[in-house]
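As the structure is a prediction and not an experimental result, all values here were calculated from the model. Below, chains carry the letters A, B, ... as their sequence lines are ordered, and counting in each starts from 1.
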Amino acid sequence: MTTPLKIASWNVNSLRVRLPHVLRWMEAAQPDILMIQEVKGESFPESEFLAAGYKAACVLQRSWNGVAILAREKPSVILDALPGDSQDTQARYLEADIAGIRCINLYLPNGNPVESEKYPYKLAWMARLRARLAALRAQAVPFLVGGDFNVIPEDIDCYDPEAWGEDALFRMDTRRAWRSIVNLGLSDAFRLFHAQGGHYTFWDYQGRAFEAGHGIRIDHFLLSPALADRALSCDIDGEPRRWDQPSDHTPIVLSLSREEL
DNA sequence: ATGCCTTGGTACCCAAGA
């Protein structure tokens with residue numbers, strides 16, 4: 001029995017600020033692949049990651065957004081933007097082949113406030129994502145999608161569903177769009193192993209939300225059927241949220257069998 | 001009650017996040 005393939009996702013909320021946390025976590029957790037979101041900025045500490053034993057692929061943007069994939073082997077980039085809107089220049093999508101797996105790292109738009117142009121952008125982005133994943137399904141490409149989806153899938157995924165009622169992360173149009181993606185035949189990896197609520201990946205900085213347990217589950221892995229068959233575990237590592245000057249998100253970790261079924 | 005945090009960019013406040 002070989003060791004599983006360990007794949008993680010973490011919204012770091014500024015890599016410049018969080019690099020020590022990221023390196024510390026990688027050293028302890030030893031992921032084979034780490035997807036990060038909200039790099040924030042156009043510089044990327046490639047040499048620091050190389051020294052830690054990881055090669056990088058990234059798509060960056062001044063000030064906001066930015067996603068990167070770190071892996072033991074150099075990611076082979078397939079797409080550095082989500083197809084479907086040539087006017088969209090936001091750095092939110094990176095698709096690469098690693099270890100024979102199509103790995104998609106995304107930072108899905110927040111969408112608040114819902115009466116602004118940001119919400120239709122979010123829904124359009126989700127429709128484009130669905131189209132891309134439908135194409136991969138049609139081609140029978142085994143893939144996983146990890147990242148900050150900015151979607152609370154169900155009531156049990158947030159501390160206070162009524163408080164989140166019409167928020168862009170939770171309102172019915174958002175959850176409907178999420179379901180239309182899952183219904184391509186994908187599995188929410190965390191829900192393959194955990195049925196109960198109260199497991200969160202994000203806690204607001206304000207109001208001592210983490211200490212109070214007021215969180216939401218918005219960072220996810222979605223797996224195509226062949227990879228769902230290989231899933232061994234999926235867990236949230238809450239530890240980095242306790243560190244000094246933390247990201248408001250914490251890592252989600254997926255383990256896959258290396259064996260093809 | 002979009003704020004009582006945090007970040008980046010610009011300039012000493014504002015946008016954006018979720």
Task: Upstream residue (5' side of DNA chain B) when A:Asp248 and A:Leu15 are each assigned their closest nucleotide - done: A:Leu15
Open item on the list: Taking 4.0 Å as the cut-off, does a side-chain nitrogen or oxygen of A:Arg208 come that near to OP1 or OP2 on B:dC4?
Closed with: no
Open item on the list: Rounded to whole Å, how long is the line connecting atom CG of A:Asp204 with atom P of B:dT7?
Closed with: 13 Å
TODO: Would you mind telling me which residue lines up with the more 5' stretch of DNA chain B, A:Arg18 or A:Gln90, judged by nearest nucleotide?
DONE: A:Arg18
Open item on the list: In terms of relative ring orientation, are A:Phe149 and A:Trp178 parallel, tilted or perpendicular, with 30° and 60° separating the classes?
Closed with: perpendicular
Open item on the list: Whole angstroms only, please: what is the CD-C1' distance between A:Glu117 and B:dA16?
Closed with: 12 Å
- [ ] Could you work out the separation of B:dA16 and B:dA11 based on their P atoms and round it to a whole Å?
- [x] 16 Å
- [ ] Mind checking side chain to side chain donor-acceptor pair (under 3.5 Å) for A:Tyr200 and listing every partner two or more places apart, or none if nothing turns up?
- [x] none
Open item on the list: Please report the distance, rounded to the nearest Å, between CD in A:Gln61 and P in B:dA15.
Closed with: 18 Å
Open item on the list: Quick one: does any side-chain atom of A:Glu38 pair with a main-chain N or O of A:Asn13 as donor and acceptor, under 3.5 Å?
Closed with: no
Task: Under-4.0 Å side-chain N/O to phosphate OP1/OP2 contact, A:Lys40 with B:dA16 - done: no
Open item on the list: Applying a 4.0 Å non-hydrogen cut-off, can you work out what A:Asn11 is touching in the nucleic acid: base, sugar-phosphate, or nothing?
Closed with: sugar-phosphate
TODO: State whether A:Gln245 places a side-chain N or O below 4.0 Å from either non-bridging phosphate oxygen (OP1 or OP2) of B:dT7.
DONE: yes
Open item on the list: In this structure, how many angstroms lie between the C1' atom of B:dA16 and the CZ atom of A:Phe202, rounded?
Closed with: 12 Å
Open item on the list: Expressed as a whole number of angstroms, how long is the span from A:Asp167:CG to B:dT2:P?
Closed with: 13 Å
TODO: Name the nucleic acid region contacted by A:Tyr107, choosing base, sugar-phosphate or nothing; use a 4.0 angstrom heavy-atom cut-off, strictly under.
DONE: sugar-phosphate
TODO: Report yes if a side-chain nitrogen or oxygen of A:Arg62 is closer than 4.0 Å to either non-bridging phosphate oxygen (OP1 or OP2) of B:dA15; otherwise report no.
DONE: no
Task: C1'-based separation of B:dT10 from B:dA15 [nearest Å] - done: 11 Å
Open item on the list: Applying a 4.0 Å non-hydrogen cut-off, can you work out what A:Arg92 is touching in the nucleic acid: base, sugar-phosphate, or nothing?
Closed with: sugar-phosphate
- [ ] Select base, sugar-phosphate, or nothing to describe what A:Asn65 touches, counting heavy atoms under 4.0 Å on all strands.
- [x] nothing
- [ ] Give A:Lys118 one of three labels, base, sugar-phosphate or nothing, depending on what nucleic acid heavy atoms sit under 4.0 Å from its own.
- [x] sugar-phosphate
Open item on the list: Taking any heavy-atom pair under 4.0 Å as a contact, classify A:His249: base, sugar-phosphate, or nothing.
Closed with: sugar-phosphate
- [ ] Indicate whether OP1 or OP2 belonging to B:dT7 is found under 4.0 Å from a side-chain N or O atom of A:Ser63.
- [x] no
Open item on the list: Suppose you measure atom P in B:dC4 against the same atom in B:dC14; what distance do you get, rounded to whole Å?
Closed with: 12 Å
TODO: Kindly say if A:Arg16 contacts the phosphate of B:dT7, meaning a side-chain N or O under 4.0 Å from OP1 or OP2.
DONE: no
TODO: Find the distance A:Trp164:CH2 to B:dG17:C1' and express it as a whole number of Å.
DONE: 10 Å
- [ ] Not counting sequence neighbours, which residues clear side-chain contact (heavy atoms from CB on, under 4.5 Å) with A:Ala231? List them please.
- [x] A:Leu192, A:Phe193, A:Leu223, A:Leu256
TODO: Send over the distance from A:Asp244 CG to B:dT6 P, rounded to a whole Å.
DONE: 11 Å
Open item on the list: Under a plain distance cut-off of 3.5 Å, with no hydrogens placed, do A:Asp235 and A:His199 share a side-chain donor-acceptor pair?
Closed with: no
Open item on the list: Rounding to an integer number of Å, can you tell me how far A:Gln206 CD sits from B:dA16 P?
Closed with: 17 Å
Open item on the list: Using the side-chain heavy atoms of A:Trp64, tell me which of these nucleotides is nearest: B:dG17, B:dT2, B:dA16.
Closed with: B:dA16
Open item on the list: Ignoring hydrogens and geometry beyond distance, is a side-chain donor-acceptor pair present between A:Tyr119 and A:Thr174 at under 3.5 Å?
Closed with: yes
